[in-house]
Amino acid sequence: QVQLVESGGGLVQAGGSLTLSCAAPRSILSINVMGWYRQAPVETRDLVATFTRGGMTNYADSVKGRFTISGDKDKNMVYLQMNAMKPEDTAVYYCNARGTNYYGTFVDAWGQGTQVTVSS
């Protein structure tokens, strides 16, 4: 319905850190939840972390204690700080935002994805 813009992907060594950013357009006036998903080659797209309007967070078991999701309401952005990265984290990471626009239409928006590669 509307495309988000992700940035921050790249190459990092195992044990290193990387931070992803995602910007949601102002056309999404009321965002209920934003999050990150990832998809490795020939794998399904799986949830990494979500961040609700009320400040609740949810993480995949594989990233708990290593990744941190946060948001900036004023800038309409969401971030994913990834620490102690593992080769298994290698994937295309997608930002997601769900809410309603000015017309009251439900919005389920996705970015095109940003590649994250973790070397051994």
Side-chain angles (χ1 to χ4, degrees):
Q1 294 178 338
V2 60
Q3 187 170 300
L4 309 180
V5 180
E6 305 117 332
S7 63
L11 176 65
V12 65
Q13 290 184 315
S17 299
L18 206 61
T19 300
L20 305 181
S21 300
C22 174
R26 289 185 175 182
S27 59
I28 307 177
L29 297 180
S30 181
I31 298 176
N32 295 322
V33 59
M34 294 190 72
W36 291 92
Y37 295 72
R38 67 185 182 186
Q39 184 172 8
V42 303
E43 299 289 342
T44 58
R45 184 177 298 186
D46 298 321
L47 181 146
V48 177
T50 57
F51 181 57
T52 69
R53 193 176 191 87
M56 300 295 294
T57 58
N58 182 43
Y59 295 92
D61 289 340
S62 59
V63 306
K64 288 181 179 178
R66 300 189 298 117
F67 291 10
T68 302
I69 189 170
S70 61
D72 187 331
K73 290 184 177 180
D74 293 336
K75 297 182 179 180
N76 221 30
M77 297 187 70
V78 66
Y79 309 93
L80 183 68
Q81 182 177 338
M82 303 181 289
N83 299 320
M85 299 190 72
K86 305 175 181 179
E88 301 92 279
D89 296 321
T90 296
V92 177
Y93 284 69
Y94 297 88
C95 182
N96 174 247
R98 298 167 185 172
T100 56
N101 60 20
Y102 174 79
Y103 306 99
T105 303
F106 174 73
V107 177
D108 186 6
W110 293 87
Q112 289 191 335
T114 183
Q115 177 69 49
V116 172
T117 302
V118 184
S119 62
S120 300

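Positions are given from 1 along the sequence.
The minimum heavy-atom distance linking Ala91 with Gln115 is given by the pair O-NE2, 3.4 Å. Smallest separation of non-hydrogen atoms from Ser17 and Asn83: OG-OD1, 2.9 Å. Summarising the geometry of Leu4 relative to Ala109, their closest heavy-atom pair is CD1-O, 3.7 Å, with the distance given to 0.1 Å. For Ala60 against Leu47, the heavy-atom pair with the smallest separation is CB-O, 3.4 Å. Between Met34 and Cys22, the closest heavy-atom pair is CE-SG, 4.1 Å. Across every non-hydrogen atom of Met77 and Ala23, the tightest pair is CG-CA, 4.1 Å.
In this structure, Asn76 contributes its side chain and Pro25 its backbone to a donor-acceptor pair below 3.5 Å.
The OH atom of Tyr79 sits 12.0 Å away from atom CD1 of Ile69, with the distance rounded to the nearest 0.5 Å. Taking OG1 of Thr68 as the start and CE of Met82 as the end, the distance is 11.0 Å to the nearest 0.5 Å. A distance of 10.0 Å separates CD1 of Ile31 from CG of Asn96, quoted to the nearest 0.5 Å. The distance from atom CZ of Phe67 to atom OG of Ser62, rounded to the nearest 0.5 Å, is 7.5 Å. Taken from OH in Tyr93 to OG1 in Thr114, the straight-line distance is 10.5 Å, to the nearest 0.5 Å. Atom OH of Tyr59 sits about 7.5 Å away from atom CG of Leu80, to the nearest 0.5 Å.
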Does the pair Lys75 and Ser21 meet the rule for a side-chain contact (heavy atoms from CB on, under 4.5 Å), with working shown?
CA-CA 11 Å; Lys75 297 182 179 180; Ser21 300; over 6 Å; no

Could you walk me through whether Tyr94 and Arg45 satisfy the side-chain contact (heavy atoms from CB on, under 4.5 Å) test, starting with their C-alpha distance in whole Å, then the side-chain angles of each, then the deciding distance to 0.1 Å, before giving a yes or no?
CA-CA 9 Å; Tyr94 297 88; Arg45 184 177 298 186; 3.3 Å; yes

Determine whether Trp36 and Cys95 satisfy the following criterion, side-chain contact (heavy atoms from CB on, under 4.5 Å), listing intermediate values before the conclusion.
CA-CA 5 Å; Trp36 291 92; Cys95 182; 3.9 Å; yes

Between Asp89 and Lys86, is a salt bridge (charged side-chain N to carboxylate O under 4.0 Å, His left out) present by the stated rule, with each step listed?
CA-CA 5 Å; Asp89 296 321; Lys86 305 175 181 179; over 6 Å; no

Using side-chain contact (heavy atoms from CB on, under 4.5 Å), reason through Asn32 and Ser30 one step at a time and then give a plain yes or no.
CA-CA 6 Å; Asn32 295 322; Ser30 181; 4.3 Å; yes

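Between the side chains of Thr50 and Arg98, not a single donor N or O lies within less than 3.5 Å of an accepting N or O.
For the pairing with Met85, the side chain to side chain contact (heavy atoms under 4.5 Å, CB included) check across Val118, Thr117, Val63 returns one residue only, Val118.
Open room surrounds CD on Gln13; 12 or fewer heavy atoms of other groups in view lie less than 6.0 Å from it.
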